[in-house]
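Lettering of chains follows the sequences in order, A, B, ..., and the numbering in each one begins at 1. Not measured: the values here are computed from a predicted model.
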Number of protein chains: 2
Amino acid sequence: MSLRHALLGLLTAGPASGYDLLKLFEISLANVWPATQSQVYAELNRLADAGLVKVAAEGPRGRKEYVLDERGLAELRHWLTDVPPAGNPRNEMLLRVFFLGQVEPDRARAFLRAQGERAAAQHERLNAIREVAAGDDDLAVYGRLALEWGLRASAMQRDWAEWAEEQLAEAAAARARPA
Amino acid sequence: MSLRHALLGLLTAGPASGYDLLKLFEISLANVWPATQSQVYAELNRLADAGLVKVAAEGPRGRKEYVLDERGLAELRHWLTDVPPAGNPRNEMLLRVFFLGQVEPDRARAFLRAQGERAAAQHERLNAIREVAAGDDDLAVYGRLALEWGLRASAMQRDWAEWAEEQLAEAAAARARPA
DNA sequence: AAACTCATGTAAAGTGTTACATGATTAT
DNA sequence: ATAATCATGTAACACTTTACATGAGTTT
């Protein structure tokens with residue numbers, strides 16, 4: 001139930017409507033915890049029912065401005081340090097790797113090359129963000145830690161894919177000239 | 001719908017019952033694509049209905065032995081190379097990092113230290129597996145590529161957590177002796 | 001006989017995605 | 001006036017987890 005905590009976390013920066021939060025998701029949490037419009041509005045209603053947030057004001061088009069309640073902040077802090085993070089995230093890319101022996105070697109190598117290029121592109125994209133990322137508020141400081149994680153992760157995946165492709169190429173070469 | 005493809009993939013190694021497949025999940029795919037008993041049995045029935053697998057034999061306690069159908073293999077190959085992999089996996093750890101400013105600096109650093117230790121332990125665990133991982137069938141060869149990914153990922157996370165902790169320590173030191 | 005393993009299934013609840021639906025306000 | 005943006009909500013479907021339920025065969 002981390003969407004709940006993502007919303008509580010964003011509300012620490014100040015009051016916001018569902019619409020505002022949705023945009024905050026897009027610009028700040030898109031790569032870490034994406035959420036859809038349906039989800040956000042529904043969860044905000046649940047949070048209000050549970051007393052973790054409150055509707056502070058109602059605006060123009062039925063706009064509801066939510067503020068973080070004391071209990072919501074307590075719940076966020078509790079989650080941050082006391083709740084053990086869930087372990088194994090699924091990895092579709094690796095699942096495919098396991099079964100890559102089912103397609104021709106050329107296709108398998110092409111797959112790995114594509115993954116490497118994908119990771120390299122992601123790395124470039126994040127690098128561009130780093131160069132413009134300013135601010136010294138908490139969200140900016142900790143956001144930069146997360147950004148650095150992304151940079152290291154994409155570099156790792158890029159290098160791994162290159163290495164893996166070579167492994168396959170070597171294995172193919174070994175098969176071509178048997179002992 | 002990757003559970004489906006995981007099952008098809010495991011069935012390329014030969015006929016198996018739901019019970020067998022469940023154990024294969026535990027030993028080979030647990031870190032990549034975990035699945036529960038309920039899921040496996042239900043999905044096998046759906047796969048049989050869709051004609052991607054067939055019940056080849058029925059054994060003792062209602063045991064049903066499934067074999068991969070030609071159409072199932074075609075579906076697996078199609079998924080492996082033609083279907084673009086879904087991008088953004090959620091990352092609960094990073095979501096917490098974003099909001100780490102909400103707890104005292106000591107607790108934030110402790111969180112990062114715990115993540116680093118966790119990753120280091122994971123790295124050791126995988127390293128131990130590498131040393132005993134034998135076999136030159138496809139699943140073993142490609143399994144080792146996946147293992148190497150895990151080793152690199154855990155090393156990356158361990159190093160990142162150390163770096164991040166230092167960043168926070170430096171920031172705290174800077175605040176202690178203001179200009 | 002009791003305990004364990006093998007073997008499959010159903011049901012409920014939580015979470016996430018996609019599509020549909022509606023209407024108010026602001027900008028061109 | 002028209003289009004774009006703001007703003008919220010509902011419904012259907014898919015996937016995952018947890019718990020419940022049952023029974024056959026095997027080992028001690």
Handout entry: Set of residues satisfying side-chain hydrogen bond (donor to acceptor under 3.5 Å, both in side chains) with respect to B:Asn127, sequence neighbours excluded
Key = B:Arg130
Exercise for the section: Starting at atom CD of B:Glu65, determine the distance to atom C1' of C:dA7, rounded to an integer number of angstrom. Expected result: 13 Å
Exercise for the section: Take atom CZ of A:Arg61 and atom P of C:dT25, then tell me their distance rounded to the nearest Å. Expected result: 7 Å
Handout entry: Along DNA chain C (nearest heavy atom to each residue), the more 5'-positioned of A:Gln39 and B:Arg63
Key = B:Arg63
Handout entry: Contact nearer the 5' end of DNA chain C, comparing A:Pro60 with A:Ser38
Key = A:Ser38
Completion exercise
Between CG of B:Leu44 and P of C:dT8 the distance, given in whole Å, is 8 Å
Completion exercise
Hits for side-chain contact (heavy atoms from CB on, under 4.5 Å) against A:Ala30, two or more places apart or cross-chain, chain-then-number order -> none
Practice task
Side chain of A:Gln37 only, please: which of C:dA7, D:dT17, D:dT10 is the nearest?
Solution key: D:dT10
Problem - B:Thr36 (side chain) and D:dT18 (base): donor-acceptor pair under 3.5 Å - result: no
Problem - Side-chain heavy atoms of A:Leu11 within contact of A:Leu21, under 4.5 Å - result: yes
Handout entry: Any residue of residues 16-34 of chain A with a heavy atom less than 4.0 Å from an atom of DNA chain C
Key = A:Trp33
Fill in the blank from the handout: When rounded to whole Å, the CG to C1' distance for the pair A:Asn45 and C:dT15 reads 16 Å
Completion exercise
Among the nucleotides D:dG25, C:dG9, D:dA7, whichever has the atom closest to the side chain of B:Tyr41 is C:dG9
Practice task
Check whether the side chains of B:Gln157 and B:His123 place a donor and an acceptor atom closer than 3.5 Å, and report yes or no.
Solution key: no
Problem - Cationic tip of B:Arg152 above A:Trp163 ring, under 6.0 Å, 45° of axis - result: yes
Practice task
Grab the CZ-P distance between A:Arg46 and C:dA13 for me, whole Å please.
Solution key: 15 Å
Exercise for the section: Would you check if B:Asn91 and A:Trp149 make a side-chain contact, meaning some heavy-atom pair closer than 4.5 Å? Expected result: yes
Completion exercise
Contact check, residues 2-11 of chain B vs DNA chain C, heavy-atom distance under 4.0 Å, returns none
Exercise for the section: Please check the phosphate of D:dT16 (OP1 and OP2 only) for any side-chain N or O of B:Arg90 closer than 4.0 Å. Expected result: no
Fill in the blank from the handout: Taken in chain and number order and not counting sequence neighbours, the residues that satisfy side-chain hydrogen bond (donor to acceptor under 3.5 Å, both in side chains) with A:Glu58 are none
Problem - Distance in angstrom units between A:Met1 CE and D:dT17 P, rounded - result: 16 Å
Problem - Results of side-chain hydrogen bond (donor to acceptor under 3.5 Å, both in side chains) for B:Ser38 - residues two or more places apart only - result: none
Practice task
Run the salt-bridge test on A:Asp106 and A:Arg109 with the 4.0 Å N-O cut-off and return the result as yes or no.
Solution key: yes
